[in-house]
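Please read the structure below before turning to the comments.
Note that the coordinates shown come from a computational prediction; the quantities given were computed from them, not determined experimentally.
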Amino acid sequence: MLNNQELTALLRQNGYKVTPQRLAVYEALANTKQHPSAEMLFGTLQPKYPSMSFATVYKTVEILNKLGLIQIINTGEDSFRYDADISEHSHVQCTVCGRVDDVPALNDRSLVVKVEEASGYSIDKHQFYFFGVCEKCHKKH
């Protein structure tokens, strides 16, 4: 994770304006394991930054993704989730409460080889998504 000085320098090097709101979006993502959506980020940050718009949050996560600082998680919901942990790892989502958690990297090279053989692609990265019921929701039933 980058500190504010490193993020500021990277944004400027790539021609992006540095604003307190952009720094706050990255900081919020870097300091959570929650995998929030843009709507969740907006709800969290808006009280501290009342002039911040939803469009600012959305544009910022797009910039951060373009710079390789966050990853976009598509769990099939109406909106994407975001993760500042850009290491290779998978995600699991609770089908009851919607919670998304990290799963350690799955280094199953044989699956990648099968995909390459079946598709003709040369795979350079991948993401896996798993769906099930989290421990907390499982205990409720």
Side-chain angles (χ1 to χ4, degrees), residues 1-11 13-141:
M1 310 293 166
L2 302 179
N3 64 36
N4 274 351
Q5 286 180 319
E6 293 166 328
L7 179 57
T8 297
L10 187 62
L11 286 168
Q13 286 168 7
N14 286 277
Y16 296 109
K17 236 193 319 186
V18 177
T19 65
Q21 292 88 346
R22 286 190 175 157
L23 297 176
V25 168
Y26 178 74
E27 184 179 339
L29 284 169
N31 291 318
T32 186
K33 295 278 186 193
Q34 298 287 318
H35 305 89
S37 65
E39 293 86 358
M40 295 165 148
L41 284 168
F42 177 71
T44 300
L45 295 171
Q46 212 274 330
K48 187 173 179 182
Y49 299 93
S51 64
M52 179 187 289
S53 69
F54 176 72
T56 298
V57 174
Y58 189 77
K59 185 175 181 180
T60 300
V61 293
E62 290 297 316
I63 290 168
L64 295 173
N65 182 60
K66 189 175 186 179
L67 295 175
L69 299 176
I70 65 168
Q71 61 177 306
I72 296 176
I73 305 168
N74 181 356
T75 58
E77 298 173 297
D78 291 340
S79 59
F80 296 120
R81 302 282 193 108
Y82 303 98
D83 189 354
D85 179 355
I86 56 172
S87 67
E88 189 173 296
H89 66 282
S90 301
H91 295 94
V92 60
Q93 182 176 23
C94 180
T95 55
V96 177
C97 69
R99 179 175 129 185
V100 177
D101 289 307
D102 292 333
V103 175
L106 303 171
N107 297 320
D108 190 351
R109 182 69 190 146
S110 64
L111 180 59
V112 173
V113 168
K114 286 179 186 177
V115 171
E116 287 177 333
E117 289 171 354
S119 68
Y121 279 69
S122 175
I123 306 297
D124 54 357
K125 66 180 183 176
H126 60 274
Q127 290 185 348
F128 292 112
Y129 300 101
F130 298 91
F131 301 90
V133 180
C134 73
E135 188 176 2
K136 186 176 177 183
C137 289
H138 197 281
K139 287 179 180 177
K140 288 181 184 176
H141 292 93

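In terms of heavy atoms, M1 sits closest to A30 at SD-CB, 3.9 Å. In terms of heavy-atom proximity, V133 sits nearest to C94 at CA-SG, 3.9 Å. In terms of heavy atoms, A28 sits closest to L41 at CB-CD2, 3.9 Å. Between F42 and F54, the shortest heavy-atom distance links the atoms CE1-N, 3.4 Å.
The closest donor-acceptor contact from the side chain of T8 to the backbone of N4 lies under 3.5 Å. A donor-acceptor pair is defined here as one N or O able to donate and one able to accept, closer than 3.5 Å; no such pair exists between the side chain of Q93 and the backbone of R99.
The neighbour count for Y16 OH, taken as heavy atoms of other residues, nucleotides or ligands under 6.0 Å away, is above 12. Enclosure of atom NE2 in H126 by more than 12 non-hydrogen atoms of other residues, nucleotides or ligands within 6.0 angstrom is indicated.
Side chains of T60 and Q21 form no contact here, defined as non-hydrogen atoms less than 4.5 Å apart. Counting only heavy atoms from C-beta outward, the side chains of L7 and L69 approach each other to under 4.5 Å. Side-chain contact between Q127 and H89 is absent, with no heavy-atom pair separated by less than 4.5 Å. Taking the side chain as every heavy atom from C-beta outward, V115 and Y121 never approach each other to under 4.5 Å. Put simply, the side chain of E6 does not reach to within 4.5 Å of the side chain of L10, judged on heavy atoms. For the pair V103/F128, no side-chain contact is recorded, criterion being any heavy-atom separation below 4.5 Å from C-beta on. By the 4.5 Å heavy-atom criterion applied to side chains, K33 and D102 are counted as neighbours. Contact of the K17 side chain with the L11 side chain is not registered, since no non-hydrogen atoms from C-beta on lie closer than 4.5 Å.
Ion pairing between E135 and K139 holds under the 4.0 Å rule for side-chain N and carboxylate O.
Applying the salt bridge (Lys or Arg N to Asp or Glu O under 4.0 Å) rule to E116 yields the partners R109; only residues at least two apart in sequence or on another chain are considered. Applying the salt bridge (Lys or Arg N to Asp or Glu O under 4.0 Å) rule to R81 yields the partners E77; only residues at least two apart in sequence or on another chain are considered.
Remark: D85 CG to Q71 CD distance equals 7.0 Å, nearest 0.5 Å. Here OG of S79 is found 11.5 Å from CD1 of I72. Values are rounded to the nearest 0.5 Å.
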Intermediate values then yes/no, side-chain contact (heavy atoms from CB on, under 4.5 Å), V92 and F131
CA-CA 5 Å; V92 60; F131 301 90; over 6 Å; no

Applying side-chain contact (heavy atoms from CB on, under 4.5 Å), run through D83 and L29 and close with a yes or a no.
CA-CA 6 Å; D83 189 354; L29 284 169; over 6 Å; no

Given the rule in the side-chain contact (heavy atoms from CB on, under 4.5 Å) test, do F80 and S37 qualify, once you have shown the distances and angles that lead to the verdict?
CA-CA 6 Å; F80 296 120; S37 65; over 6 Å; no

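The side chain to side chain donor-acceptor pair (under 3.5 Å) analysis of residues 45-55, with sequence neighbours excluded, yields the pairs S53-T56.
Ring geometry for H91 against Y129 counts as parallel: the plane angle stays under 30°, on a 0 to 90° scale with 60° as the upper cut.
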